[in-house]
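For reference, the structure discussed in these notes is given below.
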Amino acid sequence: MLEGQRLASIDRRGKQLILRAVSGRAIGIHLGMTGQCLVLRAGEQPRQSDHIHMRWQLVDDSAADHVNAQTPAELLFRDPRRFGELRAFATPAEADVYLARLGPDALHISGEALYDAVHGSSRAIKAALLDQAVLAGVGNIYADEALFAAQIRPSAKARGLSRVRLQALAASIRGTLERAVAAGGSTLRDYLDADGNAGTFLTQHRVYGRGGQPCVVCSGVLRQTQVAQRTTVHCPACQRA
DNA sequence: GGCAGCCTGGTT
DNA sequence: AACCAGGCTGCC
């Protein structure tokens, strides 16, 4: 699909990455749980060479004055658990149809947009946040963290939450994701950025993975439950809404 | 909605 | 050996 093609752009919508070529062809990449996209310089070897499912040779022929111009490099897709996905699109329209399944991007979600997306739903608010057609980009970690920041119970019915509450939740989602991005993401075990670096947001988790431990705000015991079939941690005292 | 299933690998 | 994990789909 991409042999001999010139990359035009690299974008993201929610958890979906999309590489578009000048010709209109495109590749969609989803990391799933354990996927990694790694960029290697010429002659560089990946730290872990197992579970590599795709390798693209890259040539940088951009600016003539670029230090690395003409230096070949490689883009690797590695995914031990194979829950990730690579998908080829022949045209921009095909790619756009695929991306249209996704809700608004969580990193930029407005209070109004979140209200519009969930206020009519009878589901638990956490289930709605995890639904990529409702909101694109929030997974289990950031759902729990954002709900804690907004003081909302994960099991609260979406339709029972006020406009003001949902506006606060939208702000918490944006804030949580911004801080996570600034920290390079949450590496539990596998996640690495394109340069092979782990993310450190794990050190800032306030509820995810802390069931049974004291709440950082009130010192009460954090409760671990199941919501939408996912392990969920919240503070019963702080999250009253 | 709930649940099995897709996979590998690390921890009880 | 059993259970658990960042996600998501398909089937009741």
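These figures come from a predicted structure and were not determined experimentally. Here is the naming used below: chain letters follow the sequence lines, and residue numbers restart at 1 for every chain.
In this structure, the aromatic ring of A:F83 is not positioned over the six-membered ring of the base of C:dC8 within 5.5 Å between centres and 30° between planes.
Side-chain polar atoms of A:S23 and A:R25 form no donor-acceptor pair below 3.5 angstrom. The closest side-chain donor-acceptor pair between A:E3 and A:Q57, if any, does not fall under 3.5 angstrom.
The side chain of A:R123 has B:dG1 as its nearest neighbour among B:dG9, C:dG7, B:dG1.
For A:R189 and C:dA5, a side-chain-to-base donor-acceptor distance below 3.5 Å is absent, hydrogens and geometry of angles not being considered. Below the 3.5 angstrom threshold, one finds a donor paired with an acceptor across the side chain of A:R81 and the base of B:dC7.
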Next item on the list: Test salt bridge (charged side-chain N to carboxylate O under 4.0 Å, His left out) on A:R78 and A:D50 and set out the steps.
Entry: CA-CA 8 Å; A:R78 177 172 186 270; A:D50 53 348; 2.8 Å; yes
Next item on the list: Apply salt bridge (charged side-chain N to carboxylate O under 4.0 Å, His left out) to the pair A:R12 and A:D105, showing each step before the final yes or no.
Entry: CA-CA 9 Å; A:R12 177 196 62 78; A:D105 192 88; 2.8 Å; yes
Checklist line | Candidate pair A:R123 and A:S121, rule side chain to side chain donor-acceptor pair (under 3.5 Å), full reasoning | finding: CA-CA 5 Å; A:R123 317 151 93 176; A:S121 171; 4.6 Å; no
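Neither OP1 nor OP2 of C:dG7 sits under 4.0 Å from any side-chain N or O of A:Q132.
Tested against A:T232, the residues A:K126, A:R223, A:Q226, A:R153 include a single side-chain hydrogen bond (donor to acceptor under 3.5 Å, both in side chains) partner, A:K126.
If you take OH of A:Y142 and C1' of C:dG6, they are 9 Å apart, rounded to a whole angstrom. In this structure, A:H30 places its NE2 atom 14 Å from C1' of B:dC6, rounding to the nearest Å. In this structure, A:Q224 atom CD and C:dA5 atom P are separated by 7 Å, rounded to whole Å. What separates NZ of A:K15 from P of C:dC8 is a distance of 4 Å, to the nearest Å. A:R82 has its CZ atom 17 Å from the C1' atom of C:dT9, to the nearest Å. Taking atom CZ on A:R230 and atom C1' on C:dT9, their separation rounds to 13 Å, with Å as the unit. One atom, CG of A:L17, and another, C1' of C:dG7, lie 14 Å apart when rounded to the nearest Å. When rounded to the nearest whole Å, the span between CG of A:L188 and C1' of C:dG7 equals 13 Å.
Counting only Watson-Crick or G-U wobble pairs whose defining distances are both under 3.5 Å, the stems of 3 or more consecutive pairs in DNA chain B are B:1-6 with C:7-12, B:8-12 with C:1-5.
Between C:dC8 and B:dG10, the two P atoms lie 23 Å apart (nearest whole Å). Comparing B:dG1 with C:dG6, their C1' atoms are spaced 23 Å from each other, to the whole Å. Between the C1' atoms of B:dG9 and C:dT9, the separation comes to 23 Å (whole Å). Nucleotides B:dC3 and C:dC4 place their P atoms 14 Å apart, quoted to the nearest Å.
Residue A:D190 is in base contact, counting any heavy-atom pair closer than 4.0 Å across all strands shown. Among the protein residues, A:T231 comes within range of the sugar-phosphate backbone only, with heavy atoms under 4.0 Å from sugar or phosphate atoms but none that close to a base.
Between A:Y115 and A:H119, the ring planes are parallel. Angles under 30° get that label, and only those over 60° would be called perpendicular.
For CZ of A:R174, the number of neighbouring non-hydrogen atoms (other residues, nucleotides, ligands) closer than 6.0 Å is greater than 12.
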